[in-house]
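The structure appears right after this line, and notes come after that.
Every heavy atom of this structure was used, including side-chain atoms; hydrogens, water molecules and symmetry mates were not. Order of appearance sets the numbers: ligands from 1, and atoms from 1 within every ligand.
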Amino acid sequence: MIPHLTQPQKIFIPPPILPGKIRVRIAPSPTGALHLGTARSALFNYLFAKKYQGVFILRIEDTDVERSDPKFEKDIVEGLQWLGLGWDEGVRIGGEYAPYRQSERIYIYTKYLDRLLKEEKAYWCFCTPNELAKERLKQKKAGLAIRYSRKCAVLSSAEIKKHRSEGKSSILRLRIPDKETTFYDLIRGPITFHTNLLGDIAIAKNISTPLYNFAAVIDDYEMAITHILRGEDHIANTPKQIAIAEALEIQSPQFGHFPLILGKDRTKLSKRHGAASVQDLRNLGYLPEAVINFLALLGWNPKDNREIFSLDELIEAFSLEGIQHGGAIWGQEKLDWFNTQFMRHSEKRWLNDRKSLPNELIEYMTSLVKKAVVKEDPTFIRKRCSDIVYLVLERLPLSNLEKDFMSEFGFFFGLPQIKSELLFWKNMNVADIRQALKDIFIILEKIPAEEWEIKIIRKMIFHHAEKTNDRGRILWPLRIALSGQQKSPGPHEIASILGKEETLTRIKKAITVLKENGKNEKPMR
Ligand code: GLU
């Protein structure tokens, strides 16, 4: 809790949420990559909007020219798109309240600043940074609240004219009347603050350069935003924004502040803790569905103990009452767990979606193979890594990659050593296995090379396997023939990646191994 914000005694009843009338926004400043905290705020706003048939807006707050960069806007846009959090209005797509980039809305802010000046609700302040620093120090020493002394609030129009004609640097401040105000935080309940702790806040550097709090209030009003749902790090801005809205005699939206995402050391999640941006996770190969599910449960609890949610299920289950009050701790292991769950259900992704290949992960896998396998051609290694990347993600927690990648996936980079005893399934004998491998060889050989793709391979293998009373009689020896391992992706998955020729070679090789060890009739399982 911010010290000057307190819980009031009076009972406040929040206004009802009106379906079809909700307008929420995410308003990132393009001063860095899309932070996971911002992504989570975007997700909660998105869920809130969709749940109540509302509108989700993306506004870019780039009034801080020095720190803003179009490359970060691109990162934000791409990150939200990758997560599947499409907006209904905003940058890149436009909408009724366009433009949605603050740097293109300056004329609007100027109009409001002009109005406040004319109404004498705002005034020019000529105090230098040095004077202000001294003033603050004095207040601090005297144990007083730090706020502007209002020295320039009493300047006459002649004095102002003189200072301005001398080119003295100035800013615009808002005259804030002393009073107590309460706002109803939709997550934390009613919060009261006294404006005398704010002082006359700065609202613009000049008539065409508004500061964040001012531009945000104008935009939220002009864009008819009904709810501002954002991270708790903005809670100290809320009293200022309410004061600005009151000066303009416009209605403030409702507010709600989410708890922060914290690292294990309980400080705000940052680069120091490892991955802190959506792009970091994307590069590491996490699936967007897993990131969404994980972010949703960071700070929000469904009423039951479900853990796996699709975006649609989240919309259905979401409510602001489910948002917790304390900070949410980031746990990479949990994200790994979600990722594995989603990988198991997203075969389509590694089949079709070559666009979303996690390139950094592929590079990393390539380097692990190169370290272990000297002979292979580097182009082949890289290509194969990109072919298997989603299989890897599905089966191996990323944190175990370095340790287990080669032992689990090394067979993709060279013929596996086949231990003949592994080929046995239940009570099958050598003749049965040889026959099973021969049969499947003939079936796969018939697939034309240009039709060698997973759907067809799977259909052929399973169609054949279903004819036996136990599919394992086909699938098991085939898996061992292709991978040499008891635990591996499905044989159709492996075959589709190995290609026709190599698949057939491996089956032939397994038959030979079996011949060499023909004496071994003992079933293993
Ligand atoms: N531009 C602010 C930020 O990036 C947005 C704050 C808000 O949602 O009002 O943190």
Quiz item: cation-pi between Arg173 and Tyr148, 6.0 Å / 45°: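 Pair Arg173/Tyr148 counts as cation-pi.
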Over-ring placement of Arg164 relative to Trp124, 6.0 Å and 45° cut-offs: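 Output yes; distance and angle both within limits.
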Which residue holds the protein heavy atom closest to [atom], what is that atom called, and what is the gap in Å?
atom                    : result
atom 1 (N) of ligand 1  : Glu61 OE1, 2.6 Å
atom 4 (O) of ligand 1  : Ser29 N, 3.1 Å
atom 6 (C) of ligand 1  : Tyr212 OH, 3.1 Å
atom 5 (C) of ligand 1  : Ala27 O, 3.0 Å
atom 8 (O) of ligand 1  : Arg25 NH1, 2.7 Å
atom 10 (O) of ligand 1 : His234 NE2, 2.8 Å

Check ion pair Arg136-Glu131 (N to O, under 4.0 angstrom):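 A salt bridge is absent here (no side-chain N lies under 4.0 Å from a carboxylate O).
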Aromatic centroids of Trp87 and Tyr100 separated by under 6.0 Å: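 Centroid separation for Tyr100 and Trp87: 6.0 Å or greater.
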Near-ring test Phe318/Phe44, centroid separation under 6.0 angstrom: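 For Phe44 and Phe318, the ring centres are under 6.0 Å apart.
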Sub-4.0 Å heavy-atom contact, Pro28 with ligand 1: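 Yes, Pro28 has heavy atoms under 4.0 Å from ligand 1.
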Per-atom contacts of ligand 1 with Arg230, taking only distances under 4.0 Å to non-hydrogen atoms: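 With Arg230 as reference, the close atoms of ligand 1 come out as 7 (C), 8 (O), 9 (O).
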Geometric class of the Tyr112/Tyr221 ring pair [parallel <30°, tilted 30-60°, perpendicular >60°]: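 Rings of Tyr221 and Tyr112: perpendicular, over 60°.
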